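Working notes, structure below.
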Amino acid sequence: MAEITTQQPVLLASDHITHLFPMPNGNMMTVLEDVSMDIRKGEIICIIGPSGCGKSTFLRILAGLIRPSRGKVLSRGKEMTGLTPGVAMVFQMFALFPWMTVSENIQSVLTAQRLPENEARRRVNSVIKMVGLEGFEEAYPREISGGMKQRVGIARALAVQPELLFMDEPFSAIDALTAESLRADVVDIWEEAEGQPASILMVSHDIKEVVYMADRIVIFSANPGRIRAVVPNNLPRPRDYRGADFLAMVDYLHDIITTNELPDVPPSVVSAPSQPVYEPLPPASSSDVVSFVEYLDSHGGQGDVFVLAHEFGKEFSELINIVKAAEMLGFIETPKQRTILTPLGKRFANMDTEEQKIVWKQQILTLNVFKTLYADVQASRNATMLDDEVQERLAQLLPNENPEFTFATLINWARFGNLLAFDEDSDEVTLQ
Amino acid sequence: MAQEEEELVKTSPRGSPARRKRPAVPVWGESSAVIALYHSGVLADIAITLGILGFFYGLTQVSQEWTGILRPTVVIDLSLRSLPRYTFFSLIRGLAAYGVSLGFTIVYGYWAAKDRLAEKLLIPILDILQSIPVLGFMPGLVLALVSLFPASNTGLELACIVMIFTGQAWNMTFSFYNSLKSVPQYLQEAGTVYHFGWWQRLTQIEMPYSAVSLIWNSMMSMAGGWFFLMVTETFQLGSRDFRLPGIGSYMSVAVDSGDTKAMIGAVVAMILMIVALDQLLWHPLVVWAQKFRIEDTTQEEAMESSFLDLLRHSHILRGVGVIGASMLRTFRKSAVQAPPLSGAKGADNAASSDSAEHAQKHPVAGILISRLAFVLLAAGLVVALLQVVRLLASVSGAEWVHLVQSDLLTLARVTAALLLGTAWAVPLGIRIGLSPRLSRIMQPVVQVAASFPAPMLFPAVILILTSLNITIGVGSIVLMLLGTQWYILFNVIAGAQAIPSDLKEAAANYHFAPHQRFWSLYVPAVFPYLVTGWVTAAGGAWNASIVAETVTFRGSTLTARGIGAVISNAAFSARFGELSGAILIMALTVVLINRFVWRPLYTLASTRYNLSK
């Protein structure tokens with residue numbers, strides 16, 4: 001079915017969708033910006049991107065669960081306001097009803113469709129067979145493994161004979177081996193499904209998974225969520241995780257994503273050269289940044305981000321934040337998808353903790369956020385600011401960021417650098 | 001055996017009750033006829049048949065009592081023989097009140113959770129209702145209902161039930177509302193994406209999700225309802241003496257006439273009733289509700305209820321279940337085959353319409369009903385407010401000063417009672433909670449003690465206090481303590497049971513001395529539970545002040561100065577102005593303490609002392 005694409009009719013499309021999310025302080029955060037794409041009949045589309053790029057929100061907008069702030073959802077060209085017809089969804093955390101057995105869980109969605117009971121029972125049996133759940137009909141979700149639970153989730157979705165199957169990181173809560181066989185099963189079911197479902201839209205953060213499943217890969221970037229690239233994937237099925245073509249495709253995607261996430265020229269500097277730029281703080285802890293720099297030093301001073309993520313025992317999306325933080329502080333450079341220790345980083349890695357703290361303090365004070373807030377605290381009465389006041393200030397400086405998260409990172413970094421202290425009981429931020 | 005049985009029950013299909021797989025060769029000890037009968041379900045059927053017959057006989061008695069002509073004073077027979085009948089009357093009142101509470105809870109909680117506009121009014125109202133002591137409702141209610149049914153006891157019975165209801169409902173409603181608001185987003189989304197109508201959403205997602213906490217709160221509320229039984233079954237209003245036959249009135253008459261045998265008999269009957277309710281109703285419900293737990297883990301300790309097993313083995317109930325299921329099927333079938341009505345024709349149809357356009361919006365009819373009810377409620381509130389203001393206007397400045405002084409005195413007593421309760425319940429509760437053996441024995445005992453209406457024990461305590469020359473001013477602290485300390489103990493036990501074993505091991509490994517263990521591990525670890533215990537106990541103590549600050553004992557009335565005594569006296573002498581003033585002051589105090597003491601403590605408990613973070 002790989003040759004489909006442009007001739008096939010468009011089942012569902014998003015037309016210039018922008019979504020804003022109100023933050024606790026009243027500001028609006030842009031989650032998605034001007035996202036337009038379409039889903040054609042007979043294809044599997046995967047959306048991939050770092051956490052916080054709004055990909056799950058986008059899926060929910062297409063399903064009609066969330067109304068977008070701007071833009072339209074078009075189902076076969078018709079603008080939708082409520083739930084999108086013909087969509088069934090598989091959830092990351094399964095969303096099974098724990099008080100119903102496997103077959104009752106599937107039955108419940110057919111009851112909602114007002115299917116006559118005989119027909120419903122027939123349908124339940126047939127999807128249970130389809131996903132390989134025979135023998136588990138009367139088990140409760142808590143009695144079965146994660147992989148089995150997601151089979152129920154898939155069976156429940158197939159039971160309503162959807163035209164479109166939406167999957168929200170469906171395999172991320174399942175162990176790797178089980179996930180692999182489930183992916184193959186989903187592709188098999190789709191190939192034999194005769195239009196039910198005709199197309200699959202899946203959200204994922206796993207590059208291999210995406211290359212295995214997708215006919216088209218949509219790459220999102222974060223802050224705000226935008227489509228960076230759409231990559232057609234014409235590898236013949238069944239696909240082999242170790243095939244040369246497969247690995248080449250994985251590398252290709254790696255390249256695109258790292259150039260997006262770790263641009264050689266920081267985008268903020270380009271956008272506003274005249275006035276001070278406030279850098280969003282990536283949510284990485286000081287201890288992670290320090291151990292990453294030390295790890296890099298003891299492993300030859302450089303490495304590939306994806307290989308490092310694996311070695312360092314972190315999710316790729318988590319490591320990206322650590323790498324960004326280390327780069328902001330001048331400890332590493334990131335040409336392409338490599339990370340290289342700077343001379344400062346090399347010295348830093350070999351210091352004792354006391355010296356590291358001194359250098360850390362110097363380096364965070366090169367960032368405008370820290371400079372401004374340090375000055376603010378100094379200038380305030382008794383050199384003390386309240387938690388809320390600092391967050392309010394952060395919301396002004398970084399209107400697109402969640403001030404609560406930024407505050408947590410700010411305090412974490414400032415504490416390590418002996419710059420600022422924070423007393424949780426009194427909510428006071430003071431000079432160290 | 002228990003473990004295996006539990007699994008069988010779990011894996012057996014719902015609807016057709018579990019049939020235990022019996023081993024082919026009888027196990028030793030199973031040869032006794034009783035056990036064989038039990039397993040075949042015959043005994044279960046006999047027990048259930050007898051139970052149903054007995055219950056219906058009791059109900060005929062109740063209905064005679066209800067329709068009987070209104071008597072100026074009911075003569076209570078103090079012989080022990082009549083005690084079962086009185087106990088049954090009280091039980092029926094409690095259960096009827098519970099039924100009303102449950103209905104109220106579901107309607108009110110659902111309304112508050114679903115309509116954002118109504119929520120803004122409903123939740124504060126509930127908060128206020130919760131802080132009004134039961135006795136505050138009494139005079140108006142009784143007079144109104146008695147005048148509605150001048151010829152029979154119905155009005156009085158209804159008044160009694162409504163008063164028990166006011167002791168039960170608010171807590172349950174809050175619990176249900178909170179559950180509805182906290183249904184996990186993924187379950188809600190699953191319901192939406194698969195086009196669940198409001199009814200399917202309620203019965204298949206929201207009710208099951210709320211079940212566990214609703215049942216726990218029901219147990220608590222039922223206990224709360226018993227607290228004022230002695231007052232609600234026998235009270236004077238001005239010169240009129242209202243009395244209903246029941247265990248509460250039996251006790252008060254026994255106290256008045258100093259009949260020790262009857263008093264002991266009443267206490268025993270009350271305990272038996274509480275234990276029976278626990279074993280036959282609550283415990284089976286709790287076990288049954290295990291399947292509604294949301295955590296995905298299989299629980300460590302299988303819960304069991306032998307009464308639930310008995311029910312599960314009954315042929316009769318199985319038969320009823322089969323008939324019920326087939327009736328439901330026919331009903332559903334006809335519902336499916338019925339031609340779809342257009343949205344305008346019925347609220348139900350508009351609500352469950354699976355057209356995509358409507359799925360995310362509220363059904364039009366639902367909104368109309370909600371708005372109409374909202375307007376009526378707001379109007380009623382304005383009228384009530386005007387009435388209260390008129391009543392309050394009659395209270396003089398000097399009286400207000402007196403009320404505030406009394407309130408502060410009671411506040412001091414409540415604080416003292418909490419401190420005393422904490423002082424003994426925390427060490428003991430930790431001791432019990434840390435030992436699995438002690439917990440197993442003590443937990444049910446504490447639960448019964450907590451459900452037991454403390455005022456029934458007041459006479460005995462007063463006797464001891466007077467012999468020690470302790471005045472009622474101080475003695476009422478002990479009386480308050482009697483009812484509320486159990487909440488502290490109960491929660492501390494639960495907290496101590498939940499202390500993670502790695503922390504206990506660390507304390508042992510680093511040789512913490514006992515006092516260090518107590519202060520740096522046990523107390524911080526049980527703190528969140530302790531706060532819950534305090535909040536419940538404080539609420540109970542305020543409520544108890546009404547009966548603890550003025551006690552009738554052997555014909556004489558002992559009265560301490562305090563807001564509880566003021567409320568009590570004002571209610572019985574029908575001085576409505578003073579009553580509303582006193583209630584206003586007390587409710588204000590309770591609300592202020594909630595806001596400035598308990599809420600910060602809750603925050604502290606859920607941040608610093610949260611073990612799950």
Side-chain angles (χ1 to χ4, degrees), chain A residues 60 63-67 75 80-101 103-120 136-146 149 153 156-157 159-160 162 166 168 173 424-425, chain B residues 7 10-16 18 183-197 199-201 203-205 207-209 211-212 288-299 328-330 332-333 335-338 340 352-361 604 607-608:
Chain A
R60 280 165 173 71
L65 283 168
I66 300 176
R67 194 184 294 265
S75 172
M80 286 288 115
T81 48
L83 282 174
T84 309
V87 168
M89 187 131 136
V90 173
F91 295 83
Q92 182 176 15
M93 297 312 293
F94 321 121
L96 301 179
F97 304 116
W99 38 82
M100 295 181 192
T101 62
S103 51
E104 283 168 348
N105 259 293
I106 302 169
Q107 180 112 32
S108 71
V109 302
L110 297 173
T111 310
Q113 305 253 320
R114 301 197 157 198
L115 218 60
E117 191 163 310
N118 295 340
E119 169 66 10
F136 289 90
E137 291 89 343
E138 305 308 330
Y140 283 95
R142 68 173 67 92
E143 299 172 303
I144 59 180
S145 68
K149 273 181 215 162
R156 185 171 66 174
V160 299
F166 280 19
D168 182 17
E424 210 182 288
D425 292 331
Chain B
E7 268 160 24
K10 266 189 197 157
T11 49
S12 68
R14 205 156 63 116
S16 61
V183 173
Q185 200 187 346
Y186 59 86
L187 291 183
Q188 292 182 14
E189 283 183 347
T192 308
V193 106
Y194 290 114
H195 301 260
F196 280 27
W199 178 248
Q200 195 182 5
R201 207 177 265 268
T203 52
Q204 294 194 342
I205 302 177
M207 287 300 283
Y209 178 75
V212 174
W288 173 75
Q290 288 308 301
K291 71 185 224 185
F292 299 124
R293 278 174 316 130
I294 194 88
E295 312 97 88
D296 258 346
T297 48
T298 25
Q299 83 212 74
L328 203 64
R329 257 201 305 278
T330 353
R332 272 208 205 126
K333 230 178 245 166
V336 168
Q337 281 158 358
S352 54
S353 148
D354 41 19
S355 93
E357 278 77 13
H358 287 284
Q360 271 186 310
K361 299 170 195 161
L604 189 66
T607 50
R608 173 106 55 93

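No experiment lies behind these values; they were computed from the predicted model shown. Worth knowing before you read on, the calculation uses all heavy atoms, side chains too, and leaves out hydrogens, waters and symmetry mates.
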Quick one: of A:S103, A:A63, A:G153, A:A157, who has the most non-hydrogen atom pairs under 4.5 Å with chain B? A:A157
Taking everything shown except A:E119 itself, do over 12 heavy atoms lie less than 6.0 Å from its CD? yes
Okay, A:R60 and chain B: the region with an atom under 4.5 Å from a heavy atom over there is side chain
Atom group of B:E189 that falls short of 4.5 Å from chain A, counting heavy atoms: both
Side chain, backbone, both or neither: which part of A:V109 has an atom under 4.5 Å from a heavy atom of chain B? both
Using a 3.5 Å distance criterion without hydrogens, assess whether the side chain of A:W99 forms a donor-acceptor pair with backbone atoms of B:Q204. yes
Is a side-chain N or O of B:Y194 found less than 3.5 angstrom from the main chain of A:L110, in a donor-acceptor match? no
Scanning both residues in full, the closest heavy-atom pair of B:A190 with A:F97 reads CB-CZ, 4.4 Å
Compare every heavy atom of B:H195 with every heavy atom of A:A112, then report the nearest pair and how far apart it is. CB-O, 3.5 Å
How many angstroms lie between atom CE of A:M93 and atom CG of B:L187, to the nearest 0.5 angstrom? 11.0 Å
So CD of B:Q200 and CZ of A:R114: to nearest 0.5 Å the spacing works out to 10.0 Å
